[in-house]
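Only one structure is covered here, and it is reproduced in the block below.
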Number of protein chains: 2
Amino acid sequence: MVKGPTVYDVAELAGVSIATVSFTFRQPHRVRQSTREAVLAAAQALNYLPSGNARGLARGRTGALGIYSFDFYFLDDPASAGGAGTRAAAPAGSDPNADYRVFPLYVDEVQRGVALECWRRGYTLMVGGGNRTTGRTAIADIAGQVDGLAVFPRTVPVEVLSLISRRIPVVELSEPSHDDSLHHVTVDNAAGMHALTTHLITAHGLRDLQFAAPRDPWSDFQLRFRGFQAALAEAGLPVPERPVTEGDGAPQSAEALAAALLAGGRLPDGIVCAHDEYALPLIDALLRRGVDVPGRVAVTGFDGIVAGRLQRPQLTTVRQPMEQMGRTAAAILIDGFEDRTLPPQSRQLPVEVVLRESCGCPPA
Amino acid sequence: MVKGPTVYDVAELAGVSIATVSFTFRQPHRVRQSTREAVLAAAQALNYLPSGNARGLARGRTGALGIYSFDFYFLDDPASAGGAGTRAAAPAGSDPNADYRVFPLYVDEVQRGVALECWRRGYTLMVGGGNRTTGRTAIADIAGQVDGLAVFPRTVPVEVLSLISRRIPVVELSEPSHDDSLHHVTVDNAAGMHALTTHLITAHGLRDLQFAAPRDPWSDFQLRFRGFQAALAEAGLPVPERPVTEGDGAPQSAEALAAALLAGGRLPDGIVCAHDEYALPLIDALLRRGVDVPGRVAVTGFDGIVAGRLQRPQLTTVRQPMEQMGRTAAAILIDGFEDRTLPPQSRQLPVEVVLRESCGCPPA
DNA sequence: GGATGTTTTCTAAGCGCATAGAAATCTCCG
DNA sequence: CGGAGATTTCTATGCGCTTAGAAAACATCC
């Protein structure tokens, strides 16, 4: 566990040069059978393990892709940090689905897609994320060790990304192309939300709809809002000028929104949420206040995360092809790395409306 | 995207030596403010991005942990491979929960724990898995690039692991210690299965129980079987000598098992499965044949994967603290790397019986 | 001003492997 | 047996960065 043997050691023991040792592993056909065996025997005897870093440095490639995620600070639970302790049992009466509210989320499923494609093509995947605690932005560390990088939007400043993209291909996940040097994989946010909204209007006869979203003007959310507006306009219904928000619009603020809507006596027929992570706690909050969902008010989401199926009522949503997005991203990166002349790709994938209970449809 | 600038370029532009450039990034306090700014400006101007490989090589550490998973061959779906295509819509009438049968599974949740702990401690995570298609065993590639390695049992020959463990700490997940040089993180398989079996006997009055497991004598499964046997023995009930199996015991063979049990007219009161992944398709198979679960026969699992909650009836199981296992593994690796004198750790975590519908308990 | 102590910067030597291109060895035939 | 050609092995260098230890620059004080 200290400092392993190197090619030099193996070469010496086998009585050959280091080049021959290297060839034995990289281009076996160029080495005579007998010497190959000798080298392998020596390697075996010494417990030789090649250094990936040295190889990567010498060859100019690493065989790994990277993915950079959000800062998980909101998931950090010092109590369950690795080490001796065991996580304390959940407090009695706590939501038994609580676990699934934090995993797997949207990013996890996309990441899985990337992992699968990496696996198919013989690459490994390096995972990292922002960390406001340690203060380190691992992005550069990762970028320096991979042949391609997938990033979720708004996790890394654009300048940094375009800097990195001069060295290795970079694909941005779920953000429309900014006409820059990055690759993009997106979904049809507007069309999906349009279809969902139209369903609420035509199938359930809802007239008074509101769109709930974080204040944060994430462009994906904006596009969804546009789709929402368009559907209302087409149906000749009044079109809200902006989403309703309370607090910062983070999932935790769904509670505040529910309270505000009830207090203001302006509860609509339906609340179309910018994403599932907001819809789920909102439903909780409404139910807790005695508001029937979907009886009194329908609530819908966007993304199609697992927790939406565990919710009661089950969440009506628009499902993104998350795994496929990840696979596509990885494929673009690998192709882009292997053929440096490829221009920036921008691929948009279709979404699918998933009708479940929370809009008034029958259970699945 | 071709070949980026190096420390040499930055040094030249800033009018200093490469050492100063390096210091500017690694030990800023050792560089005069003015020169530091000059270097940073030069780096900025050149779009300098440090090479992780070179750094890893020079420093003898990479700041990354690795995790090696199973071969995902059974998940490979050429149709959805990255690239132009989009996955075809699921065939009509297919199980709407099918997606959740493959993700997230046990390994995914453990891996997430590792990722979280890595994130906490400022490490990145490198993910890889066997791949019988490309034939490459990526294990050595990964091992050469990380400071510590977590592996799932039976994914890598023990010799290889102990070889690797001479260089970097290695922790084996969910396998009892073999008294070797590896670290281990396990759970109390026997106790968990014992508790579950006892529940079936005392709470539901079941007398005729069978244990269904893959033929593959994975030691975790064996320990669970022992717990099962012990519980029966203590209750004075007949103790099966071996698990029942049909085919190879893979999840797909649950169908065959159901058929065989029915054909043989030897359907027990309860079928205790070695893990959830087997219990779920078994329940499907039984229901499809008109057997009431849990009315006619109770079925239980082990692991506590997400799909068990989506199953109808919901699956009674023994939940492993998967995230915690991952965090613990990562913590061991990091500690072990930072202090090479630490002896092999072996940590066992408790499990929890989760009573749901498939054993006859009321829904959650 | 010069001696002494501190900072700051530089020189030089790796880290472990890959791979051109040269050198050595082997094969095959006339 | 000699030599052309093919095969195998070696020499030499570079990949980009870190970091001792030396050198230089600066600060302080008598």
Side-chain angles (χ1 to χ4, degrees), chain A residues 2-40 42-43 46-63 140-141 143-147 166-168, chain B residues 2-40 42-43 46-64 140-141 143-147 164 166-168:
Chain A
V2 249
K3 180 174 155 313
T6 71
V7 272
Y8 296 96
D9 303 311
V10 176
E12 185 176 349
L13 180 58
V16 299
S17 75
I18 63 164
T20 302
V21 174
S22 184
F23 281 146
T24 300
F25 291 105
R26 300 299 143 213
Q27 311 182 48
H29 63 278
R30 288 190 49 178
V31 176
R32 186 184 312 172
Q33 165 103 28
S34 57
T35 56
R36 197 190 314 156
E37 282 163 3
V39 170
L40 290 176
L46 292 173
N47 287 317
Y48 170 68
L49 188 65
S51 153
N53 283 317
R55 181 175 339 145
L57 180 56
R59 297 216 309 169
R61 52 158 308 197
T62 63
D141 292 329
Q145 282 181 87
V146 299
D147 293 341
R166 270 171 230 238
R167 276 252 218 154
I168 55 176
Chain B
V2 249
K3 179 175 156 312
T6 72
V7 273
Y8 296 96
D9 303 312
V10 176
E12 184 175 350
L13 180 58
V16 298
S17 75
I18 63 166
T20 302
V21 174
S22 184
F23 281 144
T24 300
F25 290 105
R26 300 298 144 217
Q27 313 182 47
H29 62 277
R30 288 190 50 180
V31 176
R32 186 184 313 174
Q33 164 105 28
S34 57
T35 55
R36 196 189 316 154
E37 282 164 1
V39 171
L40 290 176
L46 291 173
N47 288 317
Y48 170 68
L49 189 65
S51 153
N53 283 316
R55 180 172 342 143
L57 180 55
R59 297 218 306 171
R61 52 158 308 198
T62 62
D141 292 328
Q145 282 182 87
V146 300
D147 294 340
I164 296 175
R166 270 169 229 241
R167 275 253 218 151
I168 55 176

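The sequence lines fix the lettering, A, B, ..., with proteins before strands; numbering per chain opens at 1.
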Review point. 5'-most contact on DNA chain C: A/Ser22 or B/Val16, nearest heavy atom basis?
Key: B/Val16
Revision key, fill the gap. By nearest-heavy-atom nucleotide on DNA chain C, the more 5' of B/His29 and A/Gln27 is B/His29
Review point. Can you tell which of A/Val16, A/Leu13, A/Val7 makes a side-chain contact (heavy atoms from CB on, under 4.5 Å) with A/Val39?
Key: A/Val16
How close or far is atom [atom2] of [N] from atom [atom1] of [X], stated in whole angstroms?
{"X": "A/Arg32", "N": "D/dA6", "atom1": "CZ", "atom2": "C1'", "value": "12 Å"}
{"X": "B/Leu57", "N": "C/dG14", "atom1": "CG", "atom2": "C1'", "value": "9 Å"}
{"X": "A/Gln145", "N": "D/dG16", "atom1": "CD", "atom2": "C1'", "value": "13 Å"}

Revision key, fill the gap. Taking for A/Tyr8 and for A/Gly15 the nucleotide of DNA chain D with the nearest heavy atom, the one nearer the 5' end belongs to A/Gly15
Study note, to complete from the structure: Testing C/dC17, D/dC17, C/dC10 for proximity to the side chain of B/Arg55, the answer is D/dC17
**Study point:** Phosphate-side-chain proximity, B/Ser51 and D/dG16, N/O vs OP1/OP2 below 4.0 Å
**Key:** no
Exercise for review: Look at all strands and tell whether B/Arg26 reaches a base, only sugar-phosphate, or nothing, counting heavy atoms closer than 4.0 Å.
Suggested key: sugar-phosphate
Review point. Can you check whether B/Ile18's main-chain N or O pairs, donor with acceptor, with B/Ser22's side chain at less than 3.5 Å?
Key: no
Review point. Out of curiosity, A/Tyr48 OH to B/Arg167 CZ, how far, rounded to the nearest 0.5 Å?
Key: 7.5 Å
Study note, to complete from the structure: By salt bridge (Lys or Arg N to Asp or Glu O under 4.0 Å), A/Arg61 pairs with (sequence neighbours left out) A/Asp147
